[in-house]
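Worksheet: one structure, shown below.
These numbers were taken from a predicted model, which means no experiment stands behind them.
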Amino acid sequence: PSTPTLDAVPNPITNGPNPRGDTFILNAQNGDGANLFYNVSTAQNSGWDPGAVSAAYNTRVVYDYFKNTFGRDSLDDKGMNLMVVTHFQSKYNNAFWNGTFMVYGDGDGLLFNPLAGCLDVAAHEMSHGVIEHSANLIYENQSGALNESFADIFGAMVDGDDWLLGEDCTVATPGFLRNMKNPAQGLSPQ
């Protein structure tokens with residue numbers, strides 16, 4: 001399957017209303033990211049998309065964490081636009097950073113619920129962007145393991161109420177993705 005690219009976005013937004021400093025929450029409509037759509041409220045749905053609202057809220061919380069804790073202005077420390085894709089594929093049990101976008105699947109309801117609803121998952125994925133723009137660790141072997149570990153720690157720090165990751169969107173036992181107090185525990189141990 002493909003992953004979202006800027007070519008998939010309707011109306012170019014790289015220069016956007018502001019060339020830097022904007023947040024875009026896009027909807028893959030359960031597709032593979034080849035086509036992305038702006039989240040809009042219509043007469044048919046007249047409400048807010050919960051995935052988009054969660055993604056927007058969590059993106060802001062993570063941005064504020066890096067700004068207030070480290071004085072960092074966005075992922076690149078130069079105010080880059082934050083690009084988020086929700087509703088990626090159908091029943092997709094994952095989230096990822098692809099170098100441009102934070103991408104969230106909706107889960108299958110058996111392993112995960114929508115991953116955009118997990119603050120620590122959002123912090124983990126956005127941290128990959130920070131790591132890329134600061135340490136530029138190659139995502140393979142030992143440097144890839146360090147990249148994952150750093151992203152996990154930032155995920156736990158941003159959502160500072162416990163050391164669990166993914167507990168707000170994990171349905172399957174044991175009810176969390178990883179436990180940073182004991183990284184060998186969880187649905188996807190470190």
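Here Leu146 is tied into one hydrophobic group with Ile131, Leu137, Phe150, each link being a pair of ILVMFWY side chains closer than 4.5 Å. Taking a 4.5 Å side-chain heavy-atom cut-off between Ile, Leu, Val, Met, Phe, Trp and Tyr, the cluster of Val171 contains only that residue. Membership of the apolar cluster around Phe176 extends to Leu164, as traced through chained side-chain contacts below 4.5 Å between ILVMFWY residues.
For Gln29, there are no side chain to side chain donor-acceptor pair (under 3.5 Å) partners at least two apart in sequence or on another chain. By the side chain to side chain donor-acceptor pair (under 3.5 Å) test, Ser134 is found to be paired with no residue, residues two or more places apart in sequence or in another chain being considered. Annotation: side chain to side chain donor-acceptor pair (under 3.5 Å) contacts of Asp64 (sequence neighbours excluded): Arg60.
Nearest heavy-atom pair across Thr86 and Ala55 is CG2-CB, 3.7 Å. A pairwise comparison of heavy atoms in Ser143 and Glu140 identifies OG-O, 3.1 Å as the closest pair. Taking each heavy atom of Ala116 and Gly51 in turn, the nearest pair found is CB-O, 3.7 Å. Considering every non-hydrogen atom in both Gly107 and Leu115, the closest pair reads N-CD1, 4.1 Å. Here the shortest heavy-atom pairing between Leu165 and Gly155 reads CD2-C, 3.8 Å.
Between Phe154 and Phe66, the ring planes are tilted. Angles from 30° to 60° get that label.
The salt bridge (charged side-chain N to carboxylate O under 4.0 Å, His left out) analysis of residues 75-86, with sequence neighbours excluded, yields the pairs Arg20-Asp76. Annotation: salt bridge (charged side-chain N to carboxylate O under 4.0 Å, His left out) contacts involving residues 110-131, sequence neighbours excluded, are absent. Sorted by first and then second residue, the salt bridge (charged side-chain N to carboxylate O under 4.0 Å, His left out) pairs involving residues 176-190 (not counting sequence neighbours) are Glu148-Arg178, Asp152-Arg178. Listed by first and then second residue, the ring pair (Phe, Tyr, Trp, His ring centres under 6.0 Å) pairs involving residues 103-127 are His124-His128 (not counting sequence neighbours). Screening residues 156-171 for side-chain hydrogen bond (donor to acceptor under 3.5 Å, both in side chains), with sequence neighbours left out, gives no hits.
Using modelled atom types and a 3.5 Å distance limit, the side chains of Asn30 and His87 yield no donor-acceptor pair.
No continuous path of hydrophobic side-chain contacts links Tyr139 to Val130 [ILVMFWY only; heavy atoms under 4.5 Å]. Connection of Leu75 to Ile138 is not established within any shared hydrophobic cluster, with ILVMFWY side chains joined at heavy-atom distances below 4.5 Å, either directly or through further cluster members.
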For the pair Thr23 and Asn81, evaluate side chain to side chain contact (heavy atoms under 4.5 Å, CB included) and give the outcome as yes or no after the intermediate values. CA-CA 6 Å; Thr23 299; Asn81 288 339; over 6 Å; no

Output a table of donor-acceptor pairs, distance under 3.5 Å, between side-chain atoms of residues 90-97 and any protein atom two or more places apart or on a different chain; print 'none' if there are none.
| unit_1 | atom_1 | unit_2 | atom_2 | d |
| --- | --- | --- | --- | --- |
| Asn93 | OD1 | Asp108 | N | 3.0 |
| Asn93 | ND2 | Asp108 | OD2 | 3.0 |
| Trp97 | NE1 | Glu132 | OE1 | 2.9 |

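Heavy atoms from other residues, nucleotides or ligands lying under 6.0 Å from CZ of Phe70 number more than 12. At most 12 heavy atoms of other shown residues, nucleotides or ligands fall within 6.0 angstrom of atom CD in Gln142.
A side-chain donor-acceptor contact under 3.5 Å links Ser74 to the backbone of Met80. The closest donor-acceptor contact from the side chain of Asp73 to the backbone of Lys67 lies at 3.5 Å or more, if one exists at all.
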